[in-house]
Amino acid sequence: MSQGRPGDWVPLDPTPGPPAPPNPFVHELHLSRLQRVKFCLLGALLAPIRVLLAFVVLFLLWPFAWLQVAGLSEEQLQEPITGWRKTVCHNGVLGLSRLLFFLLGFLRIRVRGQRASRLQAPVLVAAPHSTFFDPIVLLPCDLPKVVSRAENLSVPVIGALLRFNQAILVSRHDPASRRRVVEEVRRRATSGGKWPQVLFFPEGTCSNKKALLKFKPGAFIAGVPVQPVLIRYPNSLDTTSWAWRGPGVLKVLWLTASQPCSIVDVEFLPVYHPSPEESKDPTLYANNVQRVMAQALGIPATECEFVGSLPVIVVGRLKVALEPQLWELGKVLRKAGLSPGYVDVGAEPGRSRMISQEEFARQLQLSDPQTVAGAFGYFQQDTQGLVDFRDVALALAALDGSRSLEELTHLAFELFAEEQAEGPDRLLYKDSFSTILHLLLGSPRPAATALHAELCQAGSSQGLSLCQFQNFSLHDPLYGKLFSTYLRLLLPFFLFLFSI
């Protein structure tokens, strides 16, 4: 059986590319001995008073927020609130909000540039989104409307403030919710100035300010002009960043409240008017605005984003999870005292065998329902709640660590490669290729599918031979190093788990 010739392979990126952008999901805060002493003193004396007073002000906001919407029907709330409610409650919330941030140590808000009117720019986009203090940008923007999770309505005080704001609410549990949000954003943005501006944090999550995450297209769907708003915290020590890995909520709050004075800069850039192409393509529009804001900030614009609950970084043309997702499966198996090497998976190469959660538990000899659910949930399920046992076999083989990288990639090919309609060779098609990369590297399937198409461009077939797949995964200057780094990390990690 022909597996392809080594000479058929040309690396996608044979020349060294630009330096990799900084990891935007990790914030490391290093304190000197003197700084530690200072924070111990101010954290004991200043921070408790500031935080206590800030919470008092937060609860004082509730009557103003409640008064603005009290007695109004849902139909009335579909239109912007005007009259005495708007004047009294809006000014009350605006003043108390400024006092709240002042008490937390934000003594100065420096504003640069000119905020556009609602007619000039119905939508504001603020970045970088780096902390839960970022709502301070609402103050110089005169409290624009925001987009928030519907679940936040049940949070005391916060829910009242969202009703006061007439926020656009999106539910993660309702698939139709996103469509309604898109329609509502478009309705308000094209109201001819009837509605106040809508403010978005287009990154959708917090980073460490060192790079811009990929902008989500929600703020750009209406195709109307937007005004970019830059947020900077030009303090000698960055205590405000709240990234995926780094200081937690309480530590960020406590350290920032312990600072004698924190400064925030808010800069309004010129209004960005979309081209006809950008108006029709929200993703193109979002990418171009991201580049403009990144250039103004002097930081890189990246394709990094959150996919589900995991941060994803970009390596070449591929997106990969910041940490191997197999680690999570390894943790679950470790709690059950199971070693992958002792599991007889019995997966048949090239043929799918769908199994239920009960069969999965029997095959892996797992009895605890919570452990079974945790391990089974790692794998993609079909509409009937079944998983492909080939996925399980490959994941366990990677965790076992007894195979070399060449043996592991050969096993992956043998499990997922398919027979051709004509010819004796077996090929790895896009769906199987994306499954392998998702299992081993945590790559989102659409990104892996796009890479597969590029790999197949040089050949006449729509699939990869074993030789081509191993040249890509083992010998490519970029992706070979990626596979080696991710998969070699799994063995010491899993051995460490079982040594505990």
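Please read all numbers here as calculations on a predicted model, not as lab measurements. Quick note: numbers below take in every heavy atom, side chains included, and nothing from hydrogens, waters or symmetry partners.
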Q. Does any donor atom in the side chain of S241 or K209 lie under 3.5 Å from an acceptor atom in the other side chain?
A. yes
Q) Could you give all pairs that pass the side-chain hydrogen bond (donor to acceptor under 3.5 Å, both in side chains) test and reach residues 121-130, with sequence neighbours left out? A) H129-D134
(Q) What I want to check is whether the side chains of N152 and S154 have a donor and an acceptor closer together than 3.5 Å. (A) no
Q. Among pairs that include at least one residue of residues 74-107, which meet ring pair (Phe, Tyr, Trp, His ring centres under 6.0 Å), considering only residues two or more places apart or in two chains?
A. F106-F133
Q) Side-chain donor-acceptor pair under 3.5 Å between E277 and S275, yes or no? A) yes
**Q.** Results of ring pair (Phe, Tyr, Trp, His ring centres under 6.0 Å) for Y285 - residues two or more places apart only
**A.** F220, Y272
Q. Residues two or more places apart in sequence or in another chain: which of them pass ring pair (Phe, Tyr, Trp, His ring centres under 6.0 Å) with F55?
A. none
Q. Do S262 and R108 have side-chain N/O donor and acceptor atoms under 3.5 Å apart?
A. no
(Q) Applying ring pair (Phe, Tyr, Trp, His ring centres under 6.0 Å), can you list everything that pairs with F268, at least two apart in sequence or on another chain? (A) none
Q) Salt bridge between E183 and R179, side-chain N to carboxylate O under 4.0 Å? A) yes
**Q.** No-hydrogen, no-angle side-chain donor-acceptor test under 3.5 Å, T239 and T256
**A.** yes
Q: Using the test side-chain hydrogen bond (donor to acceptor under 3.5 Å, both in side chains), find all partners of R36 that sit at least two apart in sequence or belong to another chain.
A: none
